[in-house]
There are 2 protein chains.
Amino acid sequence: MAKRSADPSNGSAPAARQVPMRDFSRSLPMSLLRAREAVMRQFRPSLRQHGLTEQQWRILRALAAIEAVEVTELARTAFLLGPSLSRILRDLEARHLIERKTAKADQRRSMVSISEKGVKLMASVAPSSEAIYAEITRRYGARKLAELQEMLGELEQSLAGLGAGDEAIAEE
Amino acid sequence: MAKRSADPSNGSAPAARQVPMRDFSRSLPMSLLRAREAVMRQFRPSLRQHGLTEQQWRILRALAAIEAVEVTELARTAFLLGPSLSRILRDLEARHLIERKTAKADQRRSMVSISEKGVKLMASVAPSSEAIYAEITRRYGARKLAELQEMLGELEQSLAGLGAGDEAIAEE
DNA sequence: CGCATTCACTTAACATGTTAAGTATCTCCC
DNA sequence: GGGAGATACTTAACATGTTAAGTGAATGCG
């Protein structure tokens, strides 16, 4: 349908087809990207209705289960880089959805926690969020979903030691 | 190690644990996000050495296999939103890695193609990129990788009809 | 023909991703 | 106890993600 015929009538066709590679659209990164987007597309409308972005929601969820965390650990939990987290925390604090106070023992650290208002917001979002997750599980199959997550985890594991490129491994 | 004990000495512990939900870190979106990041972390150093971002590389790869495409179709192929693509094309054109000319039949459309310089750049990146992909395949297992991609594709499929939230489905 | 709609982008504006640099605090060792 | 280095963030700067609005060119229809 969307197939494009060669159309040799093009007067000055530039270079192409010179670098043979795997079919791009079937690469692992693209598969992961598309799959994740297909999933997140389901959640975004509901979050948006409540004035939350995906990342803000991640932060609130990470905070909901604990009393307080340091920013660094929160970054690890919510899988955000420090600078992103720093900005988002500033905004969430301005909206009074979280609270921050510097640790007594170490003035460098600041402990972050969810506020009452944040808890209430979460409570208003959670039902719809759970419903969407349930629908995804229903469509894809609970067993298959668990298997997929298992395989994703193993993929992570198998790449764990491969480093960020310039860090020479120290233990051998 | 990183386990945090309750520490009841906290004078004014704010709200927490109020909204029971699935363990956040095991959610499907997070699994997909972490897996993709684990994969892309392998590729980024090599791309960066050649002055390319992940998205610029996606665009060049999408262009390498064809003579020319419209921007809209390129957006679909490279899985980028129009505005992102528009900016990146502007930059790639300024670097003479791609070429653009407006279609004869329809002045609105512009046909994008990779340039000679772009082809050469791709040729210099491709070997390392293929090597990395091969190493990932080796570590994870070729069969398992194919299976994973199959499952990711099925996940996409099973969510295909679920729409962007506000579009009423017409066929039932 | 004329004009409202649609279409194919591009711009704009704001949030986040990403790397590098800055700042304040803490630790350790002399 | 004092200064070098490490730590825990925060800022800065630039690229991309994301939605909405803008622009110019086709299309359709009265």
Side-chain angles (χ1 to χ4, degrees), chain A residues 29 33-34 36-37 40-41 43-45 47-49 51-59 68-95 97-98 100-112 164-167, chain B residues 2 29 33-34 36-38 40-41 43-45 47-49 51-59 68-95 97-98 100-112 164-167:
Chain A
L33 183 57
R34 280 196 304 251
R36 186 175 139 83
E37 179 54 29
M40 285 316 299
R41 185 164 31 239
F43 289 100
R44 269 193 272 267
L47 292 178
R48 189 174 166 72
Q49 279 191 322
L52 288 174
T53 66
E54 179 192 331
Q55 293 82 355
Q56 292 167 349
W57 178 239
R58 286 221 296 274
I59 292 172
V69 249
E70 306 164 19
V71 172
T72 299
E73 190 185 336
L74 182 54
R76 199 153 35 77
T77 308
F79 209 70
L80 292 168
L81 293 180
S84 291
L85 182 55
S86 209
R87 278 178 308 214
I88 301 175
L89 287 181
R90 169 164 48 71
D91 299 347
L92 290 179
E93 188 173 24
R95 289 164 66 185
L97 294 175
I98 63 161
R100 227 181 330 191
K101 53 182 175 182
T102 60
K104 306 172 193 60
D106 187 340
Q107 298 295 110
R108 294 171 304 179
R109 292 172 157 79
S110 87
M111 305 302 288
V112 183
D166 50 358
E167 55 174 72
Chain B
L33 183 57
R34 280 197 302 250
R36 185 176 140 81
E37 178 54 29
M40 286 315 301
R41 183 164 31 238
F43 289 100
R44 269 193 273 266
L47 292 179
R48 188 174 167 72
Q49 278 190 322
L52 289 174
T53 66
E54 178 192 331
Q55 294 82 356
Q56 293 167 350
W57 178 240
R58 287 221 296 274
I59 291 172
V69 250
E70 306 164 18
V71 173
T72 300
E73 190 184 335
L74 181 55
R76 202 153 33 77
T77 308
F79 210 70
L80 293 168
L81 293 180
S84 291
L85 182 54
S86 208
R87 276 179 309 213
I88 301 176
L89 288 181
R90 167 164 49 71
D91 298 347
L92 290 180
E93 189 174 24
R95 289 164 66 184
L97 295 175
I98 64 161
R100 228 183 326 192
K101 53 182 174 182
T102 59
K104 306 171 194 61
D106 187 339
Q107 297 296 110
R108 292 170 306 180
R109 290 172 159 79
S110 88
M111 303 303 288
V112 184
D166 49 358
E167 56 174 73

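A, B, ... follow the sequence lines: proteins, then strands. Residue 1 opens every chain. Just the heavy atoms: all of them, side chains too, but no hydrogens, waters or symmetry mates, feed the values below. Computed from a predicted model, the values in this text were never measured in an experiment.
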Using side chain to side chain donor-acceptor pair (under 3.5 Å) as the criterion, list what pairs up with B:R87, not counting sequence neighbours. B:S84

All heavy atoms of A:P45 vs all of A:R41, minimum pair found to be CD-O, 3.2 Å

Residue pair B:F79 / B:R58: nearest heavy atoms and the distance that separates them: O-NH2, 3.3 Å

Roughly, in whole Å, what's the span from CG in B:L80 to C1' in C:dG17? 14 Å

What is the distance, rounded to the nearest whole Å, between atom CD of B:E70 and atom C1' of C:dT10? 16 Å

OP1 or OP2 of D:dA15 under 4.0 Å from side-chain N/O of B:T53: no

Nearest-Å distance, CZ (A:R34) to C1' (D:dG17)? 18 Å

A:V71 and A:L85: which non-hydrogen atoms are nearest, and at how many Å? O-CD2, 3.3 Å

Rounded to the nearest Å, what distance is computed from the CD atom of residue A:E93 to the C1' atom of nucleotide D:dC9? 14 Å

I need the CG-C1' distance between B:L85 and D:dG17, as an integer number of Å. 13 Å

Does A:S84 place a side-chain N or O at less than 4.0 Å from the phosphate oxygens OP1/OP2 of C:dT16? no

Distance criterion of 3.5 Å, no angle test: do you see the side chain of A:R44 paired donor-to-acceptor with the base of D:dG17? no

Using whole Å, what does the distance between atom P of nucleotide C:dA8 and atom NZ of B:K101 come to? 20 Å

For the pair made of CD1 in A:I88 and C1' in C:dC14, what is the distance, rounded to whole Å? 13 Å

Would you tell me if any nitrogen or oxygen in the side chain of A:R100 comes within less than 4.0 Å of OP1 or OP2 on D:dT10? yes

Quick one: is D:dA8 close enough that its OP1 or OP2 comes under 4.0 Å of any side-chain N or O from A:T72? no

The answer to which of B:V71 and A:L81 contacts DNA chain C further toward the 5' end, by nearest nucleotide, is B:V71

For a quick test of reading the model, state the closest non-hydrogen atom pair linking A:I59 to A:L89 and the distance between them. CG2-CD2, 4.1 Å

Side chain proximity check, A:Q56 to A:I88, heavy atoms < 4.5 angstrom: yes

Considering heavy-atom distances to DNA chain C, does B:G82 or B:R87 have its closest nucleotide positioned more toward the 5' end? B:G82

For a quick test of reading the model, state the closest non-hydrogen atom pair linking A:M111 to A:E70 and the distance between them. SD-CG, 3.7 Å

Tell me whether the side-chain N/O atoms of A:Q55 come closer than 4.0 Å to OP1 or OP2 in D:dG17. no

Using atom names, set out every protein N or O paired with an N or O of nucleotides 20-27 of chain D below 3.5 Å, distance rounded to 0.1 Å.
{"residue": "D:dA26", "atom": "OP1", "partner": "B:Q107", "partner atom": "N", "Å": "2.7"}

Which nucleotide, D:dT18, C:dA8, C:dC9, lies nearest any side-chain atom of A:E37? D:dT18

Choose from D:dT11, D:dG17, C:dT16 the nucleotide whose nearest atom is closest to any side-chain atom of A:Q56. C:dT16

Please report, rounded to the nearest Å, how far the P atom of D:dC14 is from the CG atom of B:L52. 19 Å

Show the nearest heavy-atom pair for residues B:G51 and B:R95, with the distance to one decimal. O-NH2, 2.9 Å

